K.L.:
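The structure's right below; bear with me while I get my questions together.
Since the structure is predicted, the reported quantities are computational estimates derived from the model, not experimental observations. Just so you know, ligand 1 is whichever comes first in the structure, and atom 1 is the first atom listed for that ligand.
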Amino acid sequence: MSHKSAKDFFRPLAVGAPAPLREIPARPSRAIHFFDPSNEKMAAKIPDMVGTVDVLLGNLEDAVKADNKVAAREGLVRIAQATDFGPTQLWTRINSLDSPWVLDDLTTLVPAIGEKLDVIMVPKVQEPADIHYVDRILAQLEAKAGITKPILIHAILETARGVANVEEICGASPRMQGLSLGPADLAADRKMKTTRVGGGHPGYLVREDAPRGEDGLPDLDAKRAIFQQDLWHYTIAKMVDACATHGIYPYYGPFGDIKDTVACEDQFRNAFLLGCVGTWSLHPVQIKIANRVFSPSVEDIAHARRVVAAMGDGTGAVMIDGKMEDDASLKQCLVLVELAEKLAEIDPDLKATYDAIETPEA
Ligand SMILES: CC(=O)SCCNC(=O)CCNC(=O)[C@H](O)C(C)(C)COP(=O)(O)OP(=O)(O)OC[C@H]1O[C@@H](n2cnc3c(N)ncnc32)[C@H](O)[C@@H]1OP(=O)(O)O
Ligand SMILES: CC(=O)C(=O)O
Ligand SMILES: [Mg+2]
């Protein structure tokens with residue numbers, strides 16, 4: 001197998017295309033809010049959502065009826081051209097690479113709104129070749145349209161083969177911005193026996209040991225605690241490692257039980273704690289949940305700042321509230337502090353909240 005040389009990796013793939021980025025900017029993207037641009041009621045709400053969510057994503061793939069594919073594509077062009085997105089990013093999810101719509105998605109969107117599109121989400125990515133295909137065609141279209149900044153690529157991990165190839169997918173192009181988990185298609189592809197869009201399952205559990213009777217046998221009638229397990233732990237952890245290795249960003253994905261806002265928050269928080277930077281929002285109610293979960297808490301920032309202040313030059317060990325802190329826990333605290341600073345730049349309420357935290361002298 002031939003590989004590009006290191007020096008060629010950051011050269012444009014078409015003459016006149018913008019130079020690839022060497023670092024993917026760490027822009028806040030706590031919620032990637034999905035809307036169907038062919039749904040007039042939904043589309044009408046989008047201009048007023050600017051500034052209330054980090055990313056607005058015009059979805060062209062699953063959840064858009066086959067008969068509405070052209071209307072969705074054209075609707076996205078109209079909305080993008082008419083809207084000033086300010087600090088909010090504009091993303092799209094194109095149709096899958098084996099669909100009859102994807103080529104028109106790309107050849108329509110890039111010339112019409114390429115300068116406004118930050119990221120193109122590519123569904124059902126199986127292998128690096130899928131990214132290479134999109135990479136080259138984007139460069140050709142950017143060159144032809146005179147686009148000045150490279151459009152980034154985000155891959156959805158929603159096939160077993162995609163999961164097996166995740167590291168190569170992350171490293172396939174300097175355009176790679178991140179990955180999202182696609183739990184619905186992934187479950188189908190793996191032949192998991194679930195019927196949901198993300199979240200847990202009551203059958204996937206661990207049960208407390210049974211008490212033993214005098215005969216030494218388990219008492220099967222005893223009440224025992226059960227603990228539902230996370231179906232997605234393995235895949236999210238694998239995604240997080242692959243993204244961190246390649247300097248790109250991991251995201252949870254959809255949580256389909258819109259009315260169960262409590263379980264949604266739990267699933268999002270698990271992803272946040274494991275290293276994800278954001279998640280998807282399918283309904284306006286999920287934006288607030290995502291913004292809350294993917295912003296460090298006041299308690300975490302208060303603690304992190306105490307550790308930073310106590311650690312001086314960042315080496316050695318100190319005790320705070322009975323716990324040992326050292327170089328490694330300081331690094332964890334800095335992840336939270338730096339994230340809070342980034343979010344405060346675009347979220348005035350959060351800035352006020354973080355500014356009000358009493359910070360010890362360094
Ligand atoms: C597995 C995957 O691929 S997941 C990604 C693909 N799926 C999606 O993108 C789904 C996007 N979301 C939706 O289609 C819808 O939110 C649904 C179908 C889940 C629920 O829609 P509804 O039944 O209309 O929800 P509900 O009645 O609570 O909506 C309340 C209002 O919010 C609006 N709304 C609902 N979802 C959205 C949205 N994503 N963005 C903007 N507005 C929305 C509705 O139009 C409605 O407006 P109205 O008050 O003017 O009538
Ligand atoms: C996110 C997505 O597309 C899926 O779960 O299938
Ligand atoms: Mg899918």
Side-chain angles (χ1 to χ4, degrees), residues 31-66 68-69 71-73 75-76 79 83 85 88 90-99 101-102 105 119-126 130 154-163 166 169 178-192 194-201 231-232 235-236 239 250-261 264 267-268 271 276 278-291:
I32 303 167
H33 181 73
F34 272 58
F35 67 94
D36 172 354
S38 72
N39 177 324
E40 285 179 13
K41 246 168 70 177
M42 240 189 235
K45 294 191 162 53
I46 298 311
D48 288 339
M49 295 179 82
V50 168
T52 67
V53 61
D54 296 341
V55 180
L56 284 164
L57 179 145
N59 177 35
L60 307 183
E61 200 226 8
D62 291 358
V64 175
K65 277 183 160 302
N68 291 348
K69 292 290 184 184
R73 189 190 298 138
L76 177 58
I79 294 167
T83 309
F85 288 91
T88 300
L90 176 66
W91 294 21
T92 186
R93 177 170 79 167
I94 55 173
N95 284 289
S96 62
L97 299 180
D98 59 357
S99 76
W101 304 293
V102 64
D105 291 344
V119 176
I120 291 183
M121 191 180 264
V122 183
K124 302 177 177 74
V125 171
Q126 304 258 27
D130 294 339
H154 181 108
I156 312 180
L157 211 53
E158 51 184 347
T159 65
R161 192 139 69 88
V163 176
V166 63
I169 289 169
L179 291 181
S180 285
L181 174 72
D185 272 301
L186 181 55
D189 193 61
R190 282 176 173 163
K191 301 198 172 10
M192 289 167 66
T194 53
T195 55
R196 304 167 168 219
V197 176
H201 192 289
L231 287 165
W232 306 109
T235 315
I236 292 177
M239 264 174 54
Y251 297 76
Y252 175 66
F255 189 86
D257 195 346
I258 308 284
K259 297 289 179 193
D260 192 348
T261 51
C264 175
Q267 183 78 68
F268 287 0
C276 291
T279 185
W280 295 13
S281 150
L282 303 183
H283 186 281
V285 76
Q286 294 185 334
I287 295 174
K288 265 204 195 105
I289 304 172
N291 284 353

K.L.:
Do D62 and K124 have side chains that get closer than 4.5 Å, going by heavy atoms?
P.N.:
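When only atoms from C-beta onward are counted, K124 and D62 do touch, with a gap below 4.5 Å.
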K.L.:
Could you tell me which non-hydrogen atom of T279 sits nearest to which non-hydrogen atom of A290, and how far apart they are?
P.N.:
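Taking every non-hydrogen atom into account, CG2-CB, 3.6 Å.
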K.L.:
Specify the closest pair of heavy atoms between Q267 and W232, including all atoms of both residues, with the distance to one decimal.
P.N.:
OE1-CD1, 4.0 Å
K.L.:
Can you tell me which residue and heavy atom of the protein come closest to atom 5 (O) of ligand 2, and the distance to 0.1 Å?
P.N.:
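Among all protein heavy atoms, the one nearest atom 5 (O) of ligand 2 is A184 N, 2.7 Å.
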K.L.:
Just to confirm my output: which protein heavy-atom neighbour is closest to atom 31 (C) of ligand 1, and how far is it?
P.N.:
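Checked against all protein heavy atoms, atom 31 (C) of ligand 1 sits closest to K45 CE, 4.4 Å.
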K.L.:
Does an N or O anywhere in F35 fall below 3.5 Å from an N or O of ligand 1?
P.N.:
no
K.L.:
Anything protein N/O/S under 2.8 Å from the Mg ion (ligand 3)? Just list residue and atom, please.
P.N.:
E158 OE1, D185 OD2
K.L.:
What I want to check is whether the side chains of R93 and S180 have a donor and an acceptor closer together than 3.5 Å.
P.N.:
no
K.L.:
Answer with yes or no whether P123 contacts ligand 2, where contact means a heavy atom under 4.0 Å from a ligand atom.
P.N.:
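Contact absent.
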K.L.:
So, using side-chain contact (heavy atoms from CB on, under 4.5 Å) as the criterion, who are the partners of A71 when residues are at least two apart?
P.N.:
S38
K.L.:
Checking R196 against L231 for the side-chain contact (heavy atoms from CB on, under 4.5 Å) test, could you report, in this order, the C-alpha distance in whole Å, the side-chain angles of both residues, the deciding distance, and whether it holds?
P.N.:
CA-CA 11 Å; R196 304 167 168 219; L231 287 165; over 6 Å; no
K.L.:
Given the protein's heavy atoms, is any one of them under 4.0 Å from atom 21 (O) of ligand 1?
P.N.:
no
K.L.:
Please output the side-chain donor-acceptor pairs of residues 49-56 that fall under 3.5 Å, not counting sequence neighbours, one pair per line with the distance.
P.N.:
| from | atom 1 | to | atom 2 | distance (Å) |
| --- | --- | --- | --- | --- |
| T52 | OG1 | M49 | O | 2.6 |
| D54 | OD1 | R30 | NH2 | 3.1 |
| D54 | OD2 | R30 | N | 2.9 |
| D54 | OD2 | R30 | NE | 2.8 |

K.L.:
Which residue supplies the protein heavy atom nearest to atom 8 (C) of ligand 1, what is that atom called, and how far is it?
P.N.:
A63 CB, 3.8 Å
K.L.:
For P254, state whether at least one heavy atom is located under 4.0 Å from any atom of ligand 2.
P.N.:
yes
K.L.:
Which residue supplies the protein heavy atom nearest to atom 38 (C) of ligand 1, what is that atom called, and how far is it?
P.N.:
H33 NE2, 3.3 Å
K.L.:
If you measure every N/O of L282 against every N/O of ligand 1, is any gap under 3.5 Å?
P.N.:
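It does: an N or O of L282 is found under 3.5 Å from an N or O of ligand 1.
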K.L.:
Atom 14 (O) of ligand 1: which of E40, E158, M42, K41 has the nearest heavy atom?
P.N.:
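Of the listed residues, M42 has the closest heavy atom.
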K.L.:
Which heavy atom in F268 sits nearest to a heavy atom in W280, and how many Å separate them?
P.N.:
CZ-O, 3.5 Å
K.L.:
Atom 28 (O) of ligand 1: which protein heavy atom is closest, and how many Å away?
P.N.:
H283 NE2, 2.7 Å
K.L.:
Applying a 4.0 Å heavy-atom criterion (strictly less than), which segment of R93 is in contact with ligand 2: side chain, backbone, both, or neither?
P.N.:
side chain
K.L.:
Going by side-chain hydrogen bond (donor to acceptor under 3.5 Å, both in side chains), name the residues that satisfy it together with S99, two or more places apart in sequence or in a different chain.
P.N.:
none
K.L.:
Who's the nearest protein heavy-atom neighbour of atom 34 (N) of ligand 1, and how far?
P.N.:
P284 CD, 3.9 Å
K.L.:
Please report the shortest heavy-atom distance between L186 and T159, naming the atom on each side.
P.N.:
CD1-C, 3.5 Å
